[in-house]
Number of protein chains: 4
Amino acid sequence: MAQANEDTQGGTPARDRELRARGKRTMRKLLDAGVEVFSKKGFHAARVDDIVKAARTSHGTFYLYFSNKDDLIEALASDVAEQMAGLADSLGEVTPDDAGRRELRAWLDRFSEVYERSGPIIGAWTAAETEKSDLGRIGTDLLGGFAVSLGRRIAAGAPELDAAAAAIALVAMIERYHYYAISGMLGAGQKVDRGAVLDTLAAVTHASLFGEARTRPAVHAR
Amino acid sequence: MAQANEDTQGGTPARDRELRARGKRTMRKLLDAGVEVFSKKGFHAARVDDIVKAARTSHGTFYLYFSNKDDLIEALASDVAEQMAGLADSLGEVTPDDAGRRELRAWLDRFSEVYERSGPIIGAWTAAETEKSDLGRIGTDLLGGFAVSLGRRIAAGAPELDAAAAAIALVAMIERYHYYAISGMLGAGQKVDRGAVLDTLAAVTHASLFGEARTRPAVHAR
Amino acid sequence: MAQANEDTQGGTPARDRELRARGKRTMRKLLDAGVEVFSKKGFHAARVDDIVKAARTSHGTFYLYFSNKDDLIEALASDVAEQMAGLADSLGEVTPDDAGRRELRAWLDRFSEVYERSGPIIGAWTAAETEKSDLGRIGTDLLGGFAVSLGRRIAAGAPELDAAAAAIALVAMIERYHYYAISGMLGAGQKVDRGAVLDTLAAVTHASLFGEARTRPAVHAR
Amino acid sequence: MAQANEDTQGGTPARDRELRARGKRTMRKLLDAGVEVFSKKGFHAARVDDIVKAARTSHGTFYLYFSNKDDLIEALASDVAEQMAGLADSLGEVTPDDAGRRELRAWLDRFSEVYERSGPIIGAWTAAETEKSDLGRIGTDLLGGFAVSLGRRIAAGAPELDAAAAAIALVAMIERYHYYAISGMLGAGQKVDRGAVLDTLAAVTHASLFGEARTRPAVHAR
DNA sequence: TATGAATGAGCCTTCATTCAT
DNA sequence: AATGAATGAAGGCTCATTCAT
């Protein structure tokens with residue numbers, strides 16, 4: 001069910017040689033297993049053994065395609081990074097009028113979809129980096145660069161605002177909101193209507209850029 | 001330097017007996033060491049050995065006060081939780097007018113201060129939970145409950161808006177923004193003026209609630 | 001460049017069937033690769049993978065010709081053993097006079113040449129045995145038997161001396177000296193003249209057998 | 001039975017802290033176990049597990065005193081190196097007369113004793129280095145430096161000979177002879193009289209330096 | 001014959017937790 | 001109350017050897 005992107009690249013060892021059909025299939029199984037296990041258990045708790053079992057292959061085989069757990073999450077993450085980059089580019093001009101808001105709303109729809117698939121990987125990735133170095137970098141950079149890219153678009157529509165700062169804030173909001181949604185926080189004991197949530201986010205975002213925040217209720221807590 | 005709150009409670013073993021002066025001092029050293037080490041290395045990378053060394057005490061002693069690593073981070077975290085609760089309560093009514101914005105701004109100042117001290121602990125705590133169970137709960141709950149509490153205040157000022165949803169979104173924004181700030185993402189290569197950042201956050205937040213988002217630039221990228 | 005002897009035998013599996021031209025070529029590539037890799041990395045550090053890569057063939061193919069890594073080093077070593085046997089036979093009578101010394105000197109020249117080619121293999125072989133059983137045998141036996149054979153020759157020239165004991169001692173000396181030379185110990189920071197070294201060895205050996213050790217300096221340290 | 005020198009130093013981790021009586025005892029058990037296991041199986045074949053079992057302690061404890069297998073062999077070897085250095089210093093002047101030969105003979109006695117105890121460690125040590133880098137160094141250096149030191153002594157007695165070259169050759173001879181003796185090669189099926197062997201070595205060595213190699217048989221093969 | 005792929009036993013190392021003094 | 005020492009269950013990774021095409 002959970003699946004890596006079709007053309008996700010393999011890890012370091014896999015890139016050093018030509019893969020045949022069978023090899024490609026195995027690598028794919030491992031990538032998919034990686035998504036599944038990392039999503040379910042997070043980076044740290046995920047054992048190579050879990051991944052290998054999920055992929056119905058052996059321990060040794062894993063290291064034929066990835067040099068270690070990090071290598072796998074990186075392969076997975078770099079794919080997500082690409083998707084995110086594409087997503088940022090796909091945001092059209094955001095104008096102060098209702099068309100601008102609709103543009104934002106449509107974009108959020110796409111973001112939501114991508115995030116639902118990749119959110120867990122981003123989480124695992126961030127954790128991986130946090131565990132290694134003093135503080136996470138790439139995972140943060142991803143959203144950061146994403147925000148910058150987004151900021152440029154916004155700047156075109158609301159030049160007098162500090163686009164960079166606002167964009168970061170808004171991306172933070174959007175990302176976390178989705179994170180909460182995925183981690184079940186919003187769904188515990190309450191029905192959340194995805195469309196309504198996105199409406200609210202679009203409204204809040206648009207309003208924070210151009211004023212006018214009169215929205216209808218979206219989520220009913222408790 | 002980094003220090004736990006004065007009246008932070010100890011772990012399970014410590015609560016089962018009466019602590020004398022010396023015992024209290026030792027526990028305090030361990031709590032402080034916990035803040036220091038968890039902040040610097042995160043939960044997973046933090047070794048009991050690191051903590052014990054930072055506290056200039058021994059392994060055996062550690063387990064005299066805390067039943068395990070989790071117990072320590074929980075002691076630390078529950079303290080943070082209390083502070084956060086207090087913080088949420090301290091937000092006065094947020095009105096659509098400029099007074100409301102100033103209220104928000106002042107509150108952000110307090111939040112910022114608390115977060116700077118406790119952010120790393122929240123991060124470590126979240127990680128601890130993510131590593132154990134399937135997905136983090138308490139760390140998220142903390143901010144979630146925090147948002148709810150905040151939402152109620154906001155509701156008083158902007159009843160027609162879905163306060164719960166908006167509050168969560170805004171808390172998400174505020175929290176992440178601070179997280180980025182702490183993790184150095186915002187500071188790499190650019191001077192960030194804390195006051196200006198808070199101005200922007202206050203403006204964006206207020207605007208998203210009541211419209212009117214005409215703010216002056218706060219952060220100058222590059 | 002480093003190459004196995006022309007008519008080195010293959011491993012067990014290769015001897016069980018008739019090799020065609022192509023097969024012979026492949027086996028040869030593997031033998032040469034073996035010499036190259038074992039020489040460079042020693043037995044233990046040499047991976048089957050290294051050998052296979054050096055021979056530009058595959059893992060599966062390797063086991064078509066040799067039943068395992070040991071089998072390969074043994075094939076290589078038994079070849080060396082033969083050469084050594086021939087070498088021992090080639091030593092003429094060593095008389096107390098100058099002709100005896102010249103005979104020794106000429107023989108050392110041949111030894112030197114063979115050792116330069118095969119020394120690394122002997123080393124790898126010895127290591128292989130040391131790693132397996134409690135203590136090396138064949139590698140030692142080789143030089144031991146070699147010494148015995150040499151001893152007999154010497155005995156003819158100096159019957160009153162304990163030929164066996166002396167021969168072993170002298171072979172030990174000669175072998176180690178060459179080993180040191182190969183392993184670079186003698187060459188670090190000083191130019192070593194091979195001819196001069198052999199002169200010294202011949203002189204010392206001859207003198208230890210028949211007295212008269214007045215030699216001119218051979219190596220100038222520093 | 002096989003035992004490390006009384007004041008052998010511990011490994012890296014052990015040197016970073018103060019050891020109490022119990023700790024010292026444990027470290028000693030590990031050092032002794034190291035000698036025993038390395039001697040019996042050689043460096044590569046020796047498992048940390050074997051050592052730990054021989055020392056009747058646990059896996060974790062091992063790493064409390066040595067950072068790894070290498071660390072242990074190094075601790076053991078550096079001790080040997082010291083003994084060897086002392087040995088080299090202990091050689092008095094070697095004169096052409098019979099007193100010189102007796103001096104040599106007495107020294108060989110001491111060498112023999114030390115080698116019997118430490119030979120296996122030197123072997124393991126050399127193997128350790130051969131396995132790691134391209135070619136062994138320290139193990140070789142040890143004997144090399146040893147030879148140099150010895151060479152100086154000899155130089156005093158036979159100035160016209162190339163002392164450095166000759167010393168290396170002689171040390172090579174002496175060392176290997178002992179190595180063969182230990183590895184059982186000389187003892188298989190024949191009674192070797194240690195005293196007689198040392199007599200021969202002394203005679204051969206002395207003769208090679210000053211002529212006069214008229215010795216009585218030392219070893220009777222078969 | 002040849003080969004890419006798969007396997008899994010085996011080994012090293014870490015570290016939270018318990019023990020004995 | 002304090003502490004140094006000990007423990008052992010995990011877990012990551014390697015690599016000789018076998019398999020399937």
Side-chain angles (χ1 to χ4, degrees), chain A residues 17-27 44-52 56-70, chain B residues 17 19-27 44-52 56-71, chain C residues 17 19-23 25-27 44-52 56-71, chain D residues 14 17-27 44-52 56-70:
Chain A
R17 62 205 159 91
E18 208 60 49
L19 290 185
R20 308 264 257 252
R22 193 181 179 191
K24 281 186 186 162
R25 224 181 312 133
T26 303
M27 195 185 81
H44 175 73
R47 305 283 157 236
V48 170
D49 200 65
D50 298 327
I51 295 163
V52 150
R56 295 171 173 284
T57 182
S58 77
H59 227 138
T61 298
F62 178 91
Y63 290 92
L64 233 40
Y65 297 89
F66 301 93
S67 43
N68 48 39
K69 230 169 62 169
D70 289 27
Chain B
R17 62 205 157 91
L19 290 185
R20 306 267 261 274
R22 190 182 179 190
K24 280 186 185 164
R25 225 181 314 131
T26 303
M27 195 185 79
H44 175 246
R47 308 277 159 242
V48 171
D49 195 67
D50 298 327
I51 294 163
V52 148
R56 296 169 171 284
T57 182
S58 72
H59 266 203
T61 300
F62 179 93
Y63 289 89
L64 240 36
Y65 295 89
F66 301 93
S67 47
N68 50 38
K69 227 170 72 168
D70 291 26
D71 201 19
Chain C
R17 63 206 156 90
L19 290 186
R20 307 267 261 273
R22 192 183 179 189
R25 225 182 312 130
T26 303
M27 196 186 78
H44 176 246
R47 308 276 160 243
V48 171
D49 196 67
D50 298 327
I51 295 163
V52 149
R56 296 170 170 284
T57 182
S58 72
H59 266 202
T61 300
F62 178 93
Y63 288 89
L64 241 36
Y65 295 89
F66 300 93
S67 46
N68 49 39
K69 226 170 72 167
D70 290 26
D71 201 20
Chain D
R17 63 207 159 92
E18 209 59 51
L19 290 185
R20 307 264 257 251
R22 192 181 180 191
K24 281 186 186 162
R25 223 181 313 133
T26 303
M27 196 184 80
H44 175 74
R47 305 283 155 235
V48 171
D49 199 66
D50 298 325
I51 295 163
V52 150
R56 294 170 173 286
T57 182
S58 77
H59 230 136
T61 298
F62 178 92
Y63 290 93
L64 232 40
Y65 297 88
F66 301 93
S67 43
N68 48 40
K69 228 169 62 168
D70 289 28

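Quantities reported herein were computed from a predicted structural model and do not represent experimental measurements. Letters A, B, ... mirror the listed sequences (proteins, then strands); counts begin at 1.
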| query | Do the ring planes of D:Y63 and D:H59 sit parallel (below 30°), tilted (30 to 60°) or perpendicular (above 60°)? | reply | parallel
| said: My understanding is that a pair needs two contacts under 3.5 Å, Watson-Crick or G-U wobble. By that rule, which nucleotide pairs with E:dC12? | reply: F:dG11
| task | Provide, to the nearest angstrom, the distance between the CG atom belonging to A:D50 and the P atom belonging to F:dG11. | result | 8 Å
| B:K24 side chain near B:M27 side chain, heavy-atom distance below 4.5 Å | no
| said: Under 4.0 Å, heavy atoms only, any strand: does B:R17 hit a base, just the sugar-phosphate, or nothing? | reply: sugar-phosphate
| Nearest-angstrom distance from the residue atom CG of C:D70 to C1' of F:dT17 | 13 Å
| message | Between P on F:dG11 and CD1 on A:I51, what's the gap in Å once rounded to a whole number? | response | 13 Å
| message | I need a per-nucleotide contact map over nucleotides 8-15 of chain E, read 5' to 3'. Cutoff is protein heavy atoms under 4.0 Å; write B for the base, S for backbone only, - otherwise. | response | B--SSBBB
| query | Between A:L64 and D:L19, which has a closest nucleotide on DNA chain F that is more 5'? | reply | D:L19
| field | Phosphate OP1/OP2 of F:dA2: any B:T26 side-chain N/O under 4.0 Å | value | yes
| request: With the side chain of D:R22 defined as its heavy atoms from C-beta on, choose the nearest nucleotide among E:dA5, F:dA5, E:dT1. | output: F:dA5
| request: Report which part of the nucleic acid D:Y65 touches: base, sugar-phosphate, or nothing (heavy-atom distance under 4.0 Å, all strands). | output: sugar-phosphate
| With respect to the phosphate group of F:dT7, does any side-chain polar atom (N or O) of D:T57 fall under 4.0 Å of OP1 or OP2? | yes
| message | Let's test this: given Watson-Crick or G-U wobble pairing with both distances under 3.5 Å, identify the partner of E:dT21. | response | F:dA2
| query | With A:S67, which residues qualify under side-chain contact (heavy atoms from CB on, under 4.5 Å), at least two apart? | reply | A:T12, A:P13, A:D71
